[in-house]
Amino acid sequence: MPEFIPTASQTAGPFFRGALHRPDWEDLTAHLKGKPVQISGRVLDRDGAGVFDAMLELWQADSNGRYADGEVSGFGRVCTAENGDFTFTTVVPGAVDGQAPHINVSVFARGLLKRLVTRIYFADRAGENAKDAILAAVPEGRRSTMLAKADGDGRYRFDIKLQGEGETVFFEPPTG
């Protein structure tokens, strides 16, 4: 019988900003219809400290609730600054198949064995959020971790906490 020796797990990162970061991917509006909005936030660790060099991948529908057909649109990527801050520009997506408007987010950061997956919903869309089956499946007390809050005209705030109290709700990433 062969002997199998466990190997060490590999963690995601560190990231090579030169290869994975393109500043033009921080603005999703080039291929999306709708009013531009800016979403800013911070990726935080268990202690509330900003996480440097995390990377967020974003994809979403346009303001009419349509995903791109074979074009690169509705996709973006942003890296965090030294203090964990990030900002990207996009449009508020439309509803897709009865779901509330949302942005899909994958989080990659040092020390993670695999990406984390969450969604950004918009707190000012309470009526649509109340009908969303995915959001309804999240315990009520934790839903706020998935809501971007209005932060001035055309701006939203959305922080991502990786662990601990107030941890953002993450989903099992799709396989395949």
Side-chain angles (χ1 to χ4, degrees), residues 15 17 19-43 54-81 84-109 114-162 167-176:
F15 297 103
R17 288 176 172 263
L20 298 175
H21 182 246
R22 289 180 32 184
D24 58 323
W25 282 352
E26 295 176 5
D27 185 349
L28 287 72
T29 62
H31 301 285
L32 292 175
K33 296 176 184 171
K35 180 183 174 191
V37 295
Q38 192 173 60
I39 299 178
S40 297
R42 191 176 230 193
V43 176
M55 184 176 71
L56 309 180
E57 285 189 344
L58 319 152
W59 66 103
Q60 68 173 86
D62 67 15
S63 61
N64 295 317
R66 287 190 294 252
Y67 283 97
D69 285 329
E71 295 180 30
V72 177
S73 63
F75 173 80
R77 184 181 285 159
V78 61
C79 293
T80 59
D85 285 355
F86 66 86
T87 297
F88 62 94
T89 304
T90 189
V91 301
V92 175
V96 177
D97 298 331
Q99 299 177 51
H102 66 275
I103 299 172
N104 301 295
V105 181
S106 283
V107 181
F108 302 85
K114 58 184 180 180
R115 69 183 166 125
L116 302 174
V117 176
T118 191
R119 286 181 165 190
I120 299 173
Y121 290 92
F122 297 87
D124 55 3
R125 300 290 186 101
E128 294 167 283
N129 291 343
K131 299 174 187 170
D132 188 274
I134 302 279
L135 199 53
V138 173
E140 188 173 344
R142 300 203 56 216
R143 291 180 194 155
S144 65
T145 68
M146 300 173 66
L147 299 177
K149 295 166 185 72
D151 189 28
D153 187 34
R155 293 192 321 246
Y156 287 90
R157 178 81 191 178
F158 183 76
D159 292 332
I160 298 171
K161 186 145 187 202
L162 299 179
E167 178 183 320
T168 300
V169 171
F170 298 108
F171 301 100
E172 194 65 34
T175 58

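Nothing fancy with the numbering, it's 1 onward along the sequence.
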With sequence neighbours left out, what residues match [X] under side-chain contact (heavy atoms from CB on, under 4.5 Å)?
| X | answer |
| --- | --- |
| Ala148 | Ile120, Phe122, Tyr156, Phe158 |
| Ala123 | Leu147, Lys149 |
| Arg143 | Leu135, Val138, Glu140 |

Under a 3.5 Å distance rule, please check whether [X] uses its side chain to pair with a backbone N or O of [Y] as donor and acceptor.
| X | Y | result |
| --- | --- | --- |
| Asp159 | Arg42 | yes |
| Asp151 | Arg155 | no |
| Thr87 | Ser40 | no |
| Ser63 | Val92 | no |
| Asn64 | Arg66 | no |
| Thr80 | Ala54 | yes |

Any side-chain heavy-atom pair of [X] and [Y] under 4.5 Å:
| X | Y | value |
| --- | --- | --- |
| Arg119 | Asp132 | yes |
| Thr145 | Thr118 | no |
| Val91 | Thr29 | yes |
| Pro101 | Glu128 | yes |

Working to the nearest 0.5 Å, report the span between CG of Leu116 and CZ of Phe108.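 Rounded to the nearest 0.5 Å, the CG-CZ separation comes out at 9.0 Å.
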
Geometric class of the Tyr121/His102 ring pair [parallel <30°, tilted 30-60°, perpendicular >60°]: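 Ring orientation, 0 to 90° scale: tilted.
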
Is Arg77 salt-bridged to Glu57, cutoff N-O under 4.0 Å?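 Between Glu57 and Arg77 there is a salt bridge, with a charged N closer than 4.0 Å to a carboxylate O.
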
Heavy-atom closest pair, residues Leu20 and Met55: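 Result for this residue pair: CB-SD, 3.9 Å.
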
Neighbour count above 12 (heavy atom, 6.0 Å) for Asp24 CG: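 Yes.
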
Leu58/Thr90 under side chain to side chain contact (heavy atoms under 4.5 Å, CB included): CA gap, chis, key distance, verdict: CA-CA 10 Å; Leu58 319 152; Thr90 189; over 6 Å; no

Apply the test side chain to side chain contact (heavy atoms under 4.5 Å, CB included) to residues Ile160 and Leu56: give CA-CA distance (whole Å), side-chain angles for both, the deciding distance (0.1 Å), then the verdict. CA-CA 10 Å; Ile160 298 171; Leu56 309 180; 3.9 Å; yes

Would you check, one step at a time, whether the test side chain to side chain contact (heavy atoms under 4.5 Å, CB included) holds for Ile39 with Ile103? CA-CA 11 Å; Ile39 299 178; Ile103 299 172; 3.6 Å; yes

